[in-house]
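First comes the structure, then the notes that go with it.
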Amino acid sequence: MAVDKTLEIRSSRLEDAEDVLDLWLAYHAPGVSDTLEDVRRLIQDFPNQLLVAKVGDGIVGAVIAGWDGWRGHLHHLAVRPEFRRQGIARALLEEAERQLIKKGAKRISVLAERENREANAFCESLSKLGYELDTWMHRYTKRM
Ligand SMILES: CC(C)(COP(=O)(O)OP(=O)(O)OC[C@H]1O[C@@H](n2cnc3c(N)ncnc32)[C@H](O)[C@@H]1OP(=O)(O)O)[C@@H](O)C(=O)NCCC(=O)NCCS
């Protein structure tokens with residue numbers, strides 16, 4: 001489906017919660033916080049940290065632009081398949097970057113699963129914006 005000038009990137013609102021969860025459940029790697037309660041809490045407590053891409057009435061993409069007062073962390077980026085390769089993920093990332101820089105971020109990281117071909121292709125394309133693969137760190141996680 002073609003994206004025309006109706007593409008809008010904006011901060012999330014509570015009424016977006018179900019559509020965002022549907023998007024992530026269908027097109028993002030499963031996560032421990034993929035519940036309506038968790039998405040609603042994110043929107044209520046940190047509305048500017050979840051950005052959505054809208055075309056017409058529908059949410060076609062989303063990203064979490066996490067800010068902890070020190071670094072920016074971009075994750076949960078996903079775009080509906082019929083809207084891919086039209087610059088929507090890039091537009092979400094650029095808006096997230098603008099907001100994080102305004103908040104004071106001096107470094108921003110983007111997560112891509114090692115085996116996810118399209119995620120890595122997208123991240124490789126970010127070299128034009130100055131992103132580099134960081135082989136310096138390992139990520140350690142704990143599930144509650
Ligand atoms: C990864 C994803 C978010 C990209 O969304 P998108 O809106 O299609 O990305 P864009 O149109 O902004 O792509 C920007 C550039 O990234 C690269 N790219 C994106 N998807 C690609 C693919 N499948 N194959 C090769 N290159 C790709 C291209 O260089 C592209 O520019 P171009 O179309 O002018 O060649 C989308 O495929 C998706 O939702 N995947 C499932 C969820 C996921 O993997 N999330 C992790 C993201 S880090």
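Just so you know, ligand 1 is whichever comes first in the structure, and atom 1 is the first atom listed for that ligand. Computed from a prediction, not measured in an experiment: that's the story for all the values here.
For A53, the side chain to side chain contact (heavy atoms under 4.5 Å, CB included) test picks out L7, I9, V60, I88, L92, with sequence neighbours left out.
Between W24 and H76, the angle of the ring planes goes over 60°, which puts this pair in the perpendicular group of the 30/60° scheme.
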Measure from every N or O atom of ligand 1 to the protein's N or O atoms and keep only the pairs below 3.5 Å, writing each with atom names and distance to 0.1 Å.
| from | atom 1 | to | atom 2 | distance (Å) |
| --- | --- | --- | --- | --- |
| ligand 1 | 7 (O) | A89 | N | 3.0 |
| ligand 1 | 8 (O) | R85 | N | 2.8 |
| ligand 1 | 11 (O) | R85 | N | 3.4 |
| ligand 1 | 11 (O) | Q86 | N | 3.2 |
| ligand 1 | 11 (O) | G87 | N | 2.8 |
| ligand 1 | 12 (O) | A89 | N | 3.4 |
| ligand 1 | 12 (O) | R90 | N | 2.9 |
| ligand 1 | 16 (O) | S125 | OG | 3.1 |
| ligand 1 | 24 (N) | R85 | NH1 | 3.3 |
| ligand 1 | 33 (O) | R85 | NE | 3.0 |
| ligand 1 | 33 (O) | R85 | NH2 | 3.4 |
| ligand 1 | 35 (O) | R85 | NH2 | 2.9 |
| ligand 1 | 39 (O) | V79 | N | 2.8 |
| ligand 1 | 39 (O) | V79 | O | 3.4 |
| ligand 1 | 39 (O) | R84 | NH2 | 3.4 |
| ligand 1 | 40 (N) | E118 | OE2 | 3.3 |
| ligand 1 | 44 (O) | N116 | ND2 | 2.8 |
| ligand 1 | 45 (N) | L77 | O | 2.7 |

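Using a cutoff of 4.0 Å between basic side-chain nitrogens and carboxylate oxygens, R40 and E37 are not scored as salt-bridged. Look at R13 and D16 and you find no salt bridge, because none of the NZ, NE, NH1 or NH2 atoms lies under 4.0 Å from a carboxylate O.
One distance of note links CZ of R114 with CG of N116; it measures 12.5 Å at 0.5 Å rounding.
At a threshold of 4.5 Å between non-hydrogen side-chain atoms, the residues Y131 and L93 count as touching.
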